[in-house]
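Everything below concerns the one structure shown next.
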2 protein chains.
Amino acid sequence: MKYGIVIFPSKKLQDIANSYRKRYDPHYALVPPHLTLKAAFEANEDQINDIIHELRKIAKRVKPFTLSVYKFSSFAPVNNVIYLKVDPVPELIQLHELMHNGVLEGQPEYAFVPHITIGQQMSNDEHSDVLGRLKMLDIKHEEQVDRFHILYQLENGSWTVYETFLLGEDED
Amino acid sequence: MKYGIVIFPSKKLQDIANSYRKRYDPHYALVPPHLTLKAAFEANEDQINDIIHELRKIAKRVKPFTLSVYKFSSFAPVNNVIYLKVDPVPELIQLHELMHNGVLEGQPEYAFVPHITIGQQMSNDEHSDVLGRLKMLDIKHEEQVDRFHILYQLENGSWTVYETFLLGEDED
């Protein structure tokens, strides 16, 4: 089964992201707006139990933190992906690192650039046009993050949450 | 903000449900296939903290259980909703009751008939036609349930998971 690990930002930020994703992101209906901590990976039932156990430990080690979005950006020319750039605070870097070690080992495909995708699979023309317009906008948003989620993918490509992990919690 | 409490069945059962939902359920892209424990309700930030606290206690009190799906059925003539009927085992009844008391008080709109919706908002003709065909099919499926989730609704009508609760767990 295919799994992924993400942070869902607040409803407010998700609503903002969706106002763009609706038009520019073919994944709009498959998953809510998110910040990917670990990209899609395969795991069987035995592996996933170890991984869940490890994720609970990771969550306890990392404190809640401030997620700060401060501009629109793009992965072009590598990919025509437009995103909200998220400040790479130490807690995000730490989460990403811990999720690519031990039972969660696996080289990330790209360097970690924390982001919330708002457009992808765009033609070059559409990408330039949309990015040009977004670059003129001011976006400054901060919020507290205290949790992340592991999701699995259904046959239709959509994602269902399997479990939530609360950061820095030693008890419920 | 609007919240709801659901069980997501296994990927296998979600894939089966989606094969019907794709054609017959306008909510297909808004939320994965689910069994509703508590229908959409409004809560502010203070209330939701109390509710989350209460849900953690409820989860610990109820043991994991077997979810058994044994036929297709419909809520017609009240609603043209076609669903997978789920055996109303004591744990499901208990969860439903606990989620309509205390800080979670609120009369359920209908008697609790545990189900996974696969079609809704159908015309009378389509409803009769589809239900007639499904009634001829055999469906027998059992699986273990050990968790439920609270979700919140975004402005576009879709749902994001806020937190997972593990049944019968006293520790991680």
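Here is the naming used below: chain letters follow the sequence lines, and residue numbers restart at 1 for every chain. FYI, side chains are in, hydrogens and waters are out, and symmetry mates aren't considered; it's all heavy atoms of this structure.
- A:Tyr152 and A:Leu55 fall within the same hydrophobic cluster, defined by Ile, Leu, Val, Met, Phe, Trp and Tyr side-chain heavy atoms under 4.5 Å apart, directly or through other members.
- The neighbour count for A:Gln144 CD, taken as heavy atoms of other residues, nucleotides or ligands under 6.0 Å away, is above 12.
- No continuous path of ILVMFWY side-chain contacts below 4.5 Å connects B:Phe112 to B:Phe75, so the two sit in separate hydrophobic clusters.
- Considering only heavy atoms from C-beta on, B:Asn156 comes within 4.5 Å of A:Tyr28 through its side chain.
- A:Tyr83 and A:Leu92 are members of different hydrophobic clusters when ILVMFWY side chains are connected at heavy-atom separations under 4.5 Å.
- Of the atoms belonging to B:Leu166, it is side-chain heavy atoms, and not backbone ones, that fall under 4.5 Å from chain A.
- The candidate with the highest count of non-hydrogen atom pairs below 4.5 Å against chain B, out of A:Asn18, A:Asp15, A:Ile52, is A:Asp15.
- Separation of atoms CD (B:Glu155) and NZ (A:Lys12) is listed at 12.5 Å; rounding is to 0.5 Å.
- In terms of non-hydrogen atom pairs under 4.5 Å with chain B, the most contact-rich of A:Leu30, A:Thr160, A:Leu151 is A:Thr160.
- Cluster annotation: B:Val86 and B:Ile139 are assigned to the same hydrophobic cluster (Ile/Leu/Val/Met/Phe/Trp/Tyr, side-chain heavy-atom contacts under 4.5 Å, transitive).
- No side-chain heavy atom of A:Val161 sits under 4.5 Å from any side-chain heavy atom of B:Pro32.
- Options A:Lys22, A:Gln14, A:Arg147 differ in how many heavy-atom pairs under 4.5 Å they form with chain B, and the most are formed by A:Arg147.
- Heavy atoms from other residues, nucleotides or ligands lying under 6.0 Å from NZ of B:Lys135 number more than 12.
- More than 12 heavy atoms of other residues, nucleotides or ligands sit less than 6.0 Å from atom CD of A:Glu42.
- We find the OG-CG distance between B:Ser19 and A:Leu154 to be 11.5 Å, quoted to the nearest 0.5 Å.
- In this structure the side chain of B:Tyr162 never reaches within 4.5 angstrom of the side chain of A:Lys11, judged on heavy atoms.
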